[in-house]
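First the proteins, then the strands, lettered A, B, ... as listed; each starts at 1.
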Number of protein chains: 2
Amino acid sequence: MKASASAPAVRRSTVNPAPKPDGAAERGADAYLQLRNEIVSGRFHPNERLVEADLARLLGAGRNAIRAALVRLDQEGLVALEPNRGARVRLVSDREALEIEEVRVILEQMIIRHAARRVTAADLRDLRRSVDQMRERLSEGNPLGYSELNAEFHQRIWTIADHGTASRLLANLKSQSIRFQYRTILRPGRTEQSLREHEAIVEALASRSPDESEAAMRQHLSQVVQTLQWAIDVQRHQPIWLPR
Amino acid sequence: MKASASAPAVRRSTVNPAPKPDGAAERGADAYLQLRNEIVSGRFHPNERLVEADLARLLGAGRNAIRAALVRLDQEGLVALEPNRGARVRLVSDREALEIEEVRVILEQMIIRHAARRVTAADLRDLRRSVDQMRERLSEGNPLGYSELNAEFHQRIWTIADHGTASRLLANLKSQSIRFQYRTILRPGRTEQSLREHEAIVEALASRSPDESEAAMRQHLSQVVQTLQWAIDVQRHQPIWLPR
DNA sequence: GTTTAACCGATTGTCGACAATATTAGGGAT
DNA sequence: ATCCCTAATATTGTCGACAATCGGTTAAAC
């Protein structure tokens, strides 16, 4: 009915953390989720103009739904909406990416303390399986797959912690800085180290100690921040697309 | 042009932390800000239905603008939007209020570390003046005025810290839990203690030590959380409005 | 008396048309 | 060739009308 022939059947990527966890759909939810996916998965570049009519045709929705979706994405920080001038994919600056990561760090630290108190044997089994899969991807030389599993791993911890507010914020922050995450994969040797850090996190959780878990997570995230800083420095000297 | 005669000229309350700091107005911004103010300042009760046509008449806007505003407020968490069933003021549960406060605590701790590194002599003067005014309000026996200044005080710190991401999140969180804040004022002796804590925060900032500042802020916020917990317990035994 | 079914008013969802505004293109003037 | 002004086009903003849906009410059946 709504999946028109021209709409390119957006696949639900693991990169989308589903900001509204419960099943209740809300106003213009379909167009919103589709657009969100297109942006987060990088189909639109930053600063690219988002013309309502085009999007409506592309997603097989009314201009109405597109409008609602854009407002929502603007509020979420993924899109910049200027009066009478339409919408663009919001470009997050280096500085903002670091700010975001900084907030992410403290939220993840807080959330893992909750997780450590609530984690069950089944949860630990799932987490270990996640890490095993990551190890596989690593040995396959599949850094993109590793990154997906990485996201899944962290989301699993959010679920265990059962802290809706923090999870929501984290999901939003992550979607805003996703573009930077991709670059961080490229750092040589980083994934191996990352894997060890994840293993340490699982073991800390297994001990059910909030302090140890937070320490392990802090250790991990401080490395992530460093890698992000590295990625930014690299990009600054070898910009991908020059200012015109 | 658009400010029709029937619109009741919403006053800009200090309770509104202006989620978009920069002057650039966005789509349906006016109706959004007005509605937001009406909700945050408590003119609509939780769970109250928000009928588009009524709001349009009330705010002197088109149904269109109202719709956009509602979508925005839904994304922000102040309004719950159900398909074909309209919008209601979202009721935040006790548990959620505590979650929000928990996140607020760690964000404020993080932000004050930044503030401690950046604070200027002029900033300290402003902060001290804020505290002086709070002392005045306290001696006047004006707890509501105190509460407003309290919000202003914290916002001043956000400004000093210059951390846009954290400020934005804090503003959103605060607006969601505003209803609970009002109750916390009622605790006997709390305001006096709160004032002393604020003084301690200013002095810590004056020392420009992130650690001391964070400690002072933590001391303050742990009290705030305790007071919130107290307010929730009181309310649970003396509910203001009974479930019908 | 209770339950079910059909109806009606109220409200939201969607579409199309047009007005308002911005962006681009074209055509002199210097 | 460059700049500036004007016209044409593209895009967003707003309104009104109507379809779809919901909640409650009345009426009918058992």
Side-chain angles (χ1 to χ4, degrees), chain A residues 1-7 20 22-35 38-39 44-45 47-75 78-90 244, chain B residues 1-7 20 22-35 38-39 44-45 47-75 78-91 243-244:
Chain A
M1 179 188 287
K2 70 194 53 168
S4 87
S6 64
K20 291 265 178 169
D22 67 300
E26 60 270 341
R27 192 168 291 180
D30 40 357
Y32 161 65
L33 288 177
Q34 287 184 50
L35 241 185
E38 300 280 339
I39 292 171
F44 298 118
H45 349 196
N47 264 333
E48 180 172 348
R49 255 192 101 180
L50 299 173
V51 177
E52 295 177 2
D54 296 350
L55 297 176
R57 220 169 343 98
L58 185 68
L59 304 181
R63 198 154 74 92
N64 233 320
I66 299 297
R67 245 152 179 285
L70 288 175
V71 167
R72 197 160 278 190
L73 290 166
D74 173 70
Q75 192 73 12
L78 282 171
V79 150
L81 214 48
E82 282 178 301
N84 288 322
R85 307 191 55 197
R88 319 183 151 265
V89 178
R90 202 164 87 91
R244 65 190 210 86
Chain B
M1 182 185 290
K2 70 194 50 170
S4 87
S6 66
K20 291 267 179 169
D22 67 300
E26 60 270 342
R27 191 169 292 179
D30 40 356
Y32 161 65
L33 288 176
Q34 287 184 52
L35 240 185
E38 301 280 337
I39 292 171
F44 297 118
H45 343 203
N47 263 335
E48 180 171 347
R49 256 193 99 181
L50 298 173
V51 177
E52 295 176 2
D54 297 349
L55 297 176
R57 219 169 343 97
L58 185 68
L59 303 182
R63 199 154 74 90
N64 234 318
I66 299 297
R67 241 148 185 286
L70 288 175
V71 167
R72 199 160 272 183
L73 290 165
D74 173 69
Q75 190 73 13
L78 282 170
V79 150
L81 213 47
E82 282 177 301
N84 289 321
R85 306 189 58 197
R88 316 183 153 267
V89 178
R90 202 165 86 92
L91 175 82
R244 67 193 212 84

Open item on the list: Can you say whether a donor on the side chain of B/Arg63 sits under 3.5 Å from an acceptor on the base of C/dG13, or the other way round?
Closed with: yes
Task: Separation of atom CG in A/Leu70 from atom P in D/dT11, rounded to whole Å - done: 14 Å
Task: Side-chain touch B/Leu55/B/Phe44, heavy atoms, less than 4.5 angstrom - done: yes
Task: Set of residues satisfying salt bridge (Lys or Arg N to Asp or Glu O under 4.0 Å) with respect to B/Arg63, sequence neighbours excluded - done: B/Glu52
- [ ] Figure out the CG/C1' separation between A/Asn64 and D/dA20, and round it to whole Å.
- [x] 14 Å
Task: Minimum-distance pair of heavy atoms, taken over all atoms of A/Ala61 and A/Ala31 - done: CB-CB, 4.5 Å
Open item on the list: So A/Asp74 and B/Arg72, do their side chains get closer than 4.5 Å, heavy atoms only?
Closed with: yes
Mind listing the N/O atom pairs, protein and nucleotides 9-11 of chain C, below 3.5 Å?
| unit_1 | atom_1 | unit_2 | atom_2 | d |
| --- | --- | --- | --- | --- |
| C/dT11 | O3' | B/Arg49 | NH2 | 3.4 |

Open item on the list: Just the rounded figure in Å: distance from P of D/dT12 to CG of A/Asp74.
Closed with: 14 Å
Task: Spacing of A/Tyr32 atom OH relative to C/dG13 atom C1', expressed in whole Å - done: 20 Å
TODO: Mind calculating the distance between CZ (B/Arg88) and P (C/dT12) to the nearest angstrom?
DONE: 11 Å
- [ ] Please state how far atom CD1 in B/Ile66 lies from atom C1' in C/dG13, giving the value in whole angstrom units.
- [x] 16 Å
- [ ] Nearest whole angstrom, please: distance from the P of C/dG16 to the CZ of A/Arg67.
- [x] 16 Å
Task: side-chain contact (heavy atoms from CB on, under 4.5 Å), paired with A/Val89, selected from A/Asn47, A/Leu50, A/Leu78 - done: A/Leu50
TODO: Could I get the full list of side-chain contact (heavy atoms from CB on, under 4.5 Å) partners for A/Asp54, not counting sequence neighbours?
DONE: A/Val51, A/Arg57
